[in-house]
Amino acid sequence: MRLRAVLFDMDGTLLDSAPDFIAIAQAMRAAHGLAPMADKDIRDHVSGGARAMVLRAFDVDPMSEQFEALRLEFLARYQDHCAVFTKPFDGIPELLADIEHAKLIWGVVTNKPVRYAAPIMEQLGLAERSAILICPDHVTNSKPDPEPLLLACSRLGLDPASVLYVGDDLRDIESGRAAGTKTAAVTYGYIHPDDNPTHWGADVVVDHPHELRAVLDRALCRC
């Protein structure tokens with residue numbers, strides 16, 4: 001079936017949001033009297049969300065009240081500073097332009113709550129270009145469940161087999177495969193050092209957004 005749409009995970013795939021997360025974690029450490037830590041130590045845990053980043057930045061019991069207070073502080077800071085340093089990865093603007101030129105649909109399916117995702121898309125000028133934004137607020141089950149992708153396909157009136165889903169985490173690929181989409185794993189995202197995208201079972205693995213352009217060219221040649 002001919003490709004009709006490309007859907008992206010947000011953090012680590014479409015957008016490099018790690019600089020904002022790193023800045024917030026470092027600011028919190030400073031506020032709590034701690035020295036800065038290596039930025040990479042935080043970046044390696046971005047895919048695990050606020051919980052993982054707080055646990056990495058602070059030596060606290062994850063079951064303690066202190067941890068929960070730190071997690072809520074992290075989220076509150078992020079609410080106010082979610083698009084200060086965040087920007088598309090190199091090559092993404094050109095890729096989106098190519099997708100639009102080819103008359104394909106593109107959108108975002110993310111596990112980031114809409115209260116953060118929507119303002120970021122607006123501030124980066126992507127909201128009016130994206131055909132759809134699906135967040136955990138819109139579904140009962142988040143990725144790796146197929147529900148978010150199935151909802152996106154349903155709202156767009158598309159057969160999942162005509163959709164390519166692009167992500168930087170195993171749960172993205174599992175969600176896409178379960179939904180019946182084609183899948184592309186990207187290695188430029190927030191991959192934990194102990195993880196390996198070639199083991200996720202994606203239809204294709206790419207190291208840079210430019211490589212996705214060749215994937216699209218091949219897909220568009222099929223009937």
Side-chain angles (χ1 to χ4, degrees), residues 1-19 21-22 38-49 51-53 55-56 86-96 98-99 102 104-112 134 136 141-150 152-153 158-222:
M1 182 175 291
R2 192 175 189 274
L3 182 70
R4 295 190 59 198
V6 183
L7 298 177
F8 296 91
D9 171 52
M10 181 175 280
D11 297 315
T13 301
L14 186 71
L15 305 178
D16 186 5
S17 53
F21 290 127
I22 291 168
D39 287 352
K40 186 179 184 302
D41 286 345
I42 303 168
R43 186 183 181 90
D44 286 345
H45 290 80
V46 167
S47 65
R51 177 182 176 84
M53 286 182 281
L55 285 174
R56 186 66 189 90
T86 293
K87 63 180 182 178
F89 280 101
D90 290 343
I92 287 293
E94 295 85 352
L95 176 63
L96 296 181
D98 285 347
I99 291 172
L104 296 176
I105 297 168
W106 72 269
V108 176
V109 178
T110 175
N111 276 359
K112 183 190 286 290
I134 297 295
N141 302 295
S142 299
K143 298 178 296 181
D145 194 277
E147 184 183 355
L149 278 169
L150 290 174
C153 292
L158 297 175
D159 185 326
S162 69
V163 174
L164 173 67
Y165 186 52
V166 187
D168 73 317
D169 192 275
L170 173 60
R171 61 177 170 262
D172 299 321
I173 305 308
E174 290 178 335
S175 180
R177 292 178 64 188
T181 72
K182 300 299 183 184
T183 56
V186 301
T187 64
Y188 60 79
Y190 307 139
I191 313 297
H192 191 277
D194 296 332
D195 209 347
N196 188 341
T198 63
H199 296 162
W200 297 348
D203 293 298
V204 64
V205 179
V206 301
D207 298 323
H208 192 279
H210 288 323
E211 294 180 30
L212 283 169
R213 298 166 77 178
V215 173
L216 296 181
D217 286 342
R218 291 195 299 272
L220 289 170
C221 290
R222 298 173 183 170

For the student: nearest non-hydrogen atoms of Pro88 and Pro93, plus distance: CB-CD, 4.0 Å
Scanning both residues in full, the closest heavy-atom pair of Thr110 with Pro136 reads O-CD, 3.4 Å
Starting at CG of Leu212, measure out to CG of Leu164 and round the result to the nearest 0.5 Å. 7.0 Å
Beyond-backbone contact of Leu149 with Pro160, side-chain heavy atoms, under 4.5 angstrom: no
On a heavy-atom basis, the closest approach of Thr187 and Ile191 is O-CG1, 3.8 Å
For Tyr190, the ring-ring contact (aromatic ring centres under 6.0 Å, His included) test, sequence neighbours excluded, returns none
Closer than 4.0 angstrom, basic N to acidic O: yes or no for Arg43 and Asp16? yes
Given 3.5 Å as the limit, does a donor-acceptor pair link the side chain of Tyr165 with the main chain of Ala179, or not? no
With a 4.0 Å cut-off on N to O distance, would you call Lys143 and Asp9 a salt bridge? yes
Decide yes or no for Ile105 and Leu158: does some side-chain heavy atom of the first lie under 4.5 Å from some side-chain heavy atom of the second? yes
Find out whether Leu170 and Pro144 are in side-chain contact, i.e. whether some heavy atom of one side chain is under 4.5 Å from a heavy atom of the other. no
Can you name the closest pair of heavy atoms from Asp11 and Ser17 and give their distance? OD1-OG, 2.6 Å
Taking atom CG of Asp41 as the centre, report whether more than 12 heavy atoms of other residues, nucleotides or ligands fall under 6.0 Å from it. yes
What are the two closest non-hydrogen atoms of Cys153 and Val163, and how far apart are they? SG-CG2, 3.9 Å
Take His210 and Leu95, measure what side chain to side chain contact (heavy atoms under 4.5 Å, CB included) needs, and give me the verdict at the end. CA-CA 7 Å; His210 288 323; Leu95 176 63; over 6 Å; no
Rounded to the nearest 0.5 Å, what separates atom CZ in Arg171 from atom OG in Ser47? 6.0 Å
Checking side chain to side chain contact (heavy atoms under 4.5 Å, CB included) for the pair Val215/Lys182: CA distance, chi angles, key distance, verdict? CA-CA 11 Å; Val215 173; Lys182 300 299 183 184; over 6 Å; no
Considering non-hydrogen atoms only, spot the tightest contact between Ser162 and Leu3 and give its length. O-CD1, 3.4 Å
To the nearest 0.5 Å, tell me how far Leu104 CG sits from Arg2 CZ. 7.0 Å
Using salt bridge (charged side-chain N to carboxylate O under 4.0 Å, His left out) as the criterion, list what pairs up with Arg213, not counting sequence neighbours. Asp98
For the residue pair Asp168 and Phe89, establish whether any side-chain heavy-atom pair is separated by less than 4.5 Å. no
Look at the side chain of Asp39 and the backbone N and O of Ile22, then say whether any donor-acceptor pair between them is shorter than 3.5 Å. no
Mind checking what makes ring-ring contact (aromatic ring centres under 6.0 Å, His included) contact with His199, not counting sequence neighbours? none
Short side-chain to backbone donor-acceptor contact, Asp172 and Asp169, under 3.5 Å: yes
Keeping the roles fixed (side chain from Thr181, backbone from Ala161), state whether a donor-acceptor pair exists under 3.5 Å. no
Separation between OG of Ser142 and CD of Glu147, rounded to the nearest 0.5 Å: 8.0 Å
If only atom types and distance count, is the side chain of Thr183 paired as donor or acceptor with the main-chain N or O of Asp203 below 3.5 Å? yes
Whether the side chain of Tyr188 engages the backbone of Thr13 through a donor-acceptor N/O pair (distance < 3.5 Å, no angle test) should be reported. yes
